[in-house]
Visitor: 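My questions will all concern the structure given below.
Computation of the quantities below employed the complete heavy-atom set of this structure, encompassing side-chain atoms and omitting hydrogens, waters and symmetry-equivalent molecules.
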Amino acid sequence: PMASIPHLVQALRELGVQRLDYVLLTHVHLDHAGGTGHLLEHFPEAKVFAHPRGRPHLVAPEALWEASLKVMEELAPYYGRPRPLSHAHLVESVPYVEVIETPGHASHHVCYRYRNILFVGEAAGVHRNVDGLYLRPATPPRFFFEEAVASLDKLLNLNLEGTLLCHGHYGANTKAREILTLHRAQLFLWREVAADLLGRAVDERAWFDLVRTTLLERDPLLVRFPALPPETKKREEYFLNNSLEGFRGDLLSASDSRRWR
């Protein structure tokens, strides 16, 4: 996001980085690409790669900003407003890096593999090490369950031996296949619970409360939620609901589709 760019630039300078050849974007959401224009002010020689469906939002980010304000409400301004890129900064391909299309979290989401490093963005959920593994789906509205599972299957079909799995949120893990397999099972558990309770809750708010409580009890990958630092837990409470909203929308869309067949 834009708000983090000063810290990123300072860290790069401290590492002795004087130029950037490429900026590779897994997807064009505010927290993953919103700072790109600001970053290029410090590294104007850099070229930017993103999925073709995401590139228009880099050149003209107004719709991205308005959508972020609608979905994230008061949180969006903390991330910062994106600045537009010129077409001259965008490239159609990048050398040495394998680009893997992985829709689900976003229709234009991609992963990158460079040698034995796999950058998964949010295709494998949100990861934290809190005296053990904490993993949560990153399934914002609009979310497409079948596409997300197919993308995980595509990653699991790679040769993952010796692979370092790098999450957009947060950190890295050497157990790539285990993490991807666990997250795939987690998506099915969340859909099962969300669907089972869809007809039981008296209203939408009650559904969110009931599903969240049930998942915190049943999902082994959320068991360390109480151990999260207070500020992190507060953010996670918000994003748990955001992720559940993605599941709810996907379930309701599937129901409407069956109704009109």
Side-chain angles (χ1 to χ4, degrees), residues 1 4 7-8 11 24-27 29-35 72 75 79 100 102-106 109-140 143-145 147-158 160-191 193-194 212 215-247:
S4 71
H7 306 287
L8 174 60
L24 310 183
L25 303 175
T26 56
H27 57 299
H29 284 173
L30 202 62
D31 57 332
H32 288 259
M72 302 174 70
L75 192 61
Y79 284 78
I100 307 164
T102 48
H105 176 79
H109 192 288
V110 299
C111 296
Y112 299 100
R113 184 159 70 163
Y114 174 70
R115 296 181 178 173
N116 69 329
I117 307 172
L118 180 61
F119 298 91
V120 291
E122 290 184 87
V126 170
H127 165 270
R128 288 183 181 274
N129 274 318
V130 192
D131 190 27
L133 177 64
Y134 174 87
L135 194 65
R136 167 183 58 78
T139 53
F143 170 61
F144 302 93
F145 178 85
E147 289 186 1
V149 172
S151 293
L152 283 171
D153 288 340
K154 184 185 294 186
L155 296 175
L156 283 164
N157 283 330
L158 300 173
L160 296 173
E161 185 176 354
T163 293
L164 181 67
L165 189 73
C166 295
H167 297 263
H169 308 279
Y170 300 87
N173 198 297
T174 56
K175 299 177 181 179
R177 184 167 298 281
E178 179 181 339
I179 295 294
L180 293 172
T181 302
L182 286 170
H183 183 56
R184 188 183 189 279
Q186 183 181 47
L187 290 182
F188 278 94
L189 173 63
W190 277 49
R191 188 177 68 162
V193 171
R212 185 177 61 251
L215 286 171
L216 287 171
E217 293 173 351
R218 290 185 53 187
D219 186 348
L221 299 176
L222 299 182
V223 70
R224 289 175 176 82
F225 177 81
L228 294 173
E231 283 300 313
T232 302
K233 184 189 289 188
K234 184 177 179 181
R235 288 196 300 271
E236 274 298 296
E237 287 174 349
Y238 170 84
F239 285 111
L240 274 169
N241 277 350
N242 199 46
S243 293
L244 287 175
E245 190 171 343
F247 273 89

Visitor: Is there a side-chain contact between Gln186 and Leu222, using heavy atoms and a 4.5 Å cut-off?
Guide: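 SC-SC contact between Gln186 and Leu222 confirmed.
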
Visitor: Of all heavy-atom pairs between Leu135 and Gly125, which one has the smallest distance, and what is that distance?
Guide: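 Looking at all heavy atoms of both residues, the shortest contact is CD1-C, 4.5 Å.
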
Visitor: Within this structure, what is the CG-CG distance for the pair Leu155 and Leu180, rounded to the nearest 0.5 Å?
Guide: 5.5 Å

Visitor: Mind checking whether Leu75 and Tyr238 have side chains closer than 4.5 Å, heavy atoms only?
Guide: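 In short, these two side chains touch, coming nearer than 4.5 Å.
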
Visitor: His29 and Ala106: which non-hydrogen atoms are nearest, and at how many Å?
Guide: NE2-CB, 3.8 Å

Visitor: Any non-hydrogen side-chain atom of Arg136 less than 4.5 Å from a side-chain atom of Trp190?
Guide: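 Yes; the side chains approach each other to less than 4.5 Å.
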
Visitor: Below 4.5 Å, heavy atoms only, C-beta onward: do Pro1 and Leu30 meet side chain to side chain?
Guide: no

Visitor: Would the distance check show the side chain of Tyr79 and the main-chain N or O of Ser4 forming a donor-acceptor pair, the cut-off being under 3.5 Å?
Guide: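 A pair under 3.5 Å: no.
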
Visitor: List the atom of Cys111, the atom of Leu118, and the distance in Å for their closest heavy-atom pair.
Guide: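 That closest heavy-atom pairing would be CB-CD1, 4.5 Å.
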
Visitor: Measure the CZ-CG distance between Arg235 and Leu228 for me, rounded to the nearest 0.5 Å.
Guide: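 Arg235 CZ to Leu228 CG: 9.5 Å, rounded to 0.5 Å.
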
Visitor: If you count heavy atoms of other groups shown closer than 6.0 angstrom to NZ of Lys175, is the number above 12?
Guide: no

Visitor: Kindly say whether Ala227 contributes a backbone atom to a donor-acceptor pair with the side chain of Lys233 at under 3.5 angstrom?
Guide: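 Judged by distance alone, no pair lies under 3.5 Å.
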
Visitor: I'd like to check the side chain to side chain donor-acceptor pair (under 3.5 Å) partners of Asn116; sequence neighbours left out, ordered by chain and number.
Guide: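 Side chain to side chain donor-acceptor pair (under 3.5 Å) list for Asn116, sorted by chain: empty.
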
Visitor: Would Ile100 and Leu158 count as a side-chain contact (heavy atoms from CB on, under 4.5 Å) here? Give the steps.
Guide: CA-CA 10 Å; Ile100 307 164; Leu158 300 173; 3.7 Å; yes

Visitor: Step through the shown structure and confirm whether more than 12 heavy atoms of other residues, nucleotides or ligands are within 6.0 Å of CG on Asp131.
Guide: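 Result for CG/Asp131: open.
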
Visitor: Quick check: closest heavy atoms across Arg218 and Val193, and the distance to 0.1 Å?
Guide: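 Nearest heavy atoms, Arg218 then Val193: NH1-CG2, 3.6 Å.
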
Visitor: Using side chain to side chain donor-acceptor pair (under 3.5 Å) as the criterion, list what pairs up with Thr102, not counting sequence neighbours.
Guide: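 Per chain and number, Thr102 pairs via side chain to side chain donor-acceptor pair (under 3.5 Å) with His109.
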
Visitor: Got a second to check how far Leu187's CG is from Leu182's CG, nearest 0.5 Å?
Guide: 11.5 Å

Visitor: Any idea which heavy atoms bring Glu122 and Ala138 closest together, and the distance?
Guide: OE1-CB, 3.4 Å

Visitor: Check the pair Glu237, Phe225 against side-chain contact (heavy atoms from CB on, under 4.5 Å), reporting the backbone distance first and the verdict last.
Guide: CA-CA 9 Å; Glu237 287 174 349; Phe225 177 81; 3.6 Å; yes

Visitor: Quick one: pull up CG in Leu156 and NE2 in His183 and give me the separation to the nearest 0.5 Å.
Guide: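 Taking CG in Leu156 and NE2 in His183, the distance rounds to 10.5 Å.
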
Visitor: Tyr134 and side chain to side chain donor-acceptor pair (under 3.5 Å): which single residue from Arg128, Arg224, Glu236, His127 fits?
Guide: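 Considering Arg128, Arg224, Glu236, His127, a side chain to side chain donor-acceptor pair (under 3.5 Å) with Tyr134 is found only for Glu236.
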
Visitor: Pair Leu221, Leu189 - check side-chain contact (heavy atoms from CB on, under 4.5 Å), show working.
Guide: CA-CA 11 Å; Leu221 299 176; Leu189 173 63; over 6 Å; no

Visitor: Checking Leu244 against Leu215 for the side-chain contact (heavy atoms from CB on, under 4.5 Å) test, could you report, in this order, the C-alpha distance in whole Å, the side-chain angles of both residues, the deciding distance, and whether it holds?
Guide: CA-CA 10 Å; Leu244 287 175; Leu215 286 171; 3.7 Å; yes

Visitor: Mind listing the side-chain donor-acceptor pairs of residues 161-170 below 3.5 Å, one per line with the distance, residues two or more places apart or on another chain?
Guide:
{"unit_1": "Thr163", "atom_1": "OG1", "unit_2": "Leu160", "atom_2": "O", "d": "3.1"}
{"unit_1": "His169", "atom_1": "NE2", "unit_2": "Asp31", "atom_2": "OD2", "d": "3.1"}
{"unit_1": "His169", "atom_1": "NE2", "unit_2": "His32", "atom_2": "NE2", "d": "3.0"}

Visitor: Ring-plane angle category for Phe247 and Phe143, please: parallel below 30°, perpendicular beyond 60°, tilted otherwise.
Guide: tilted

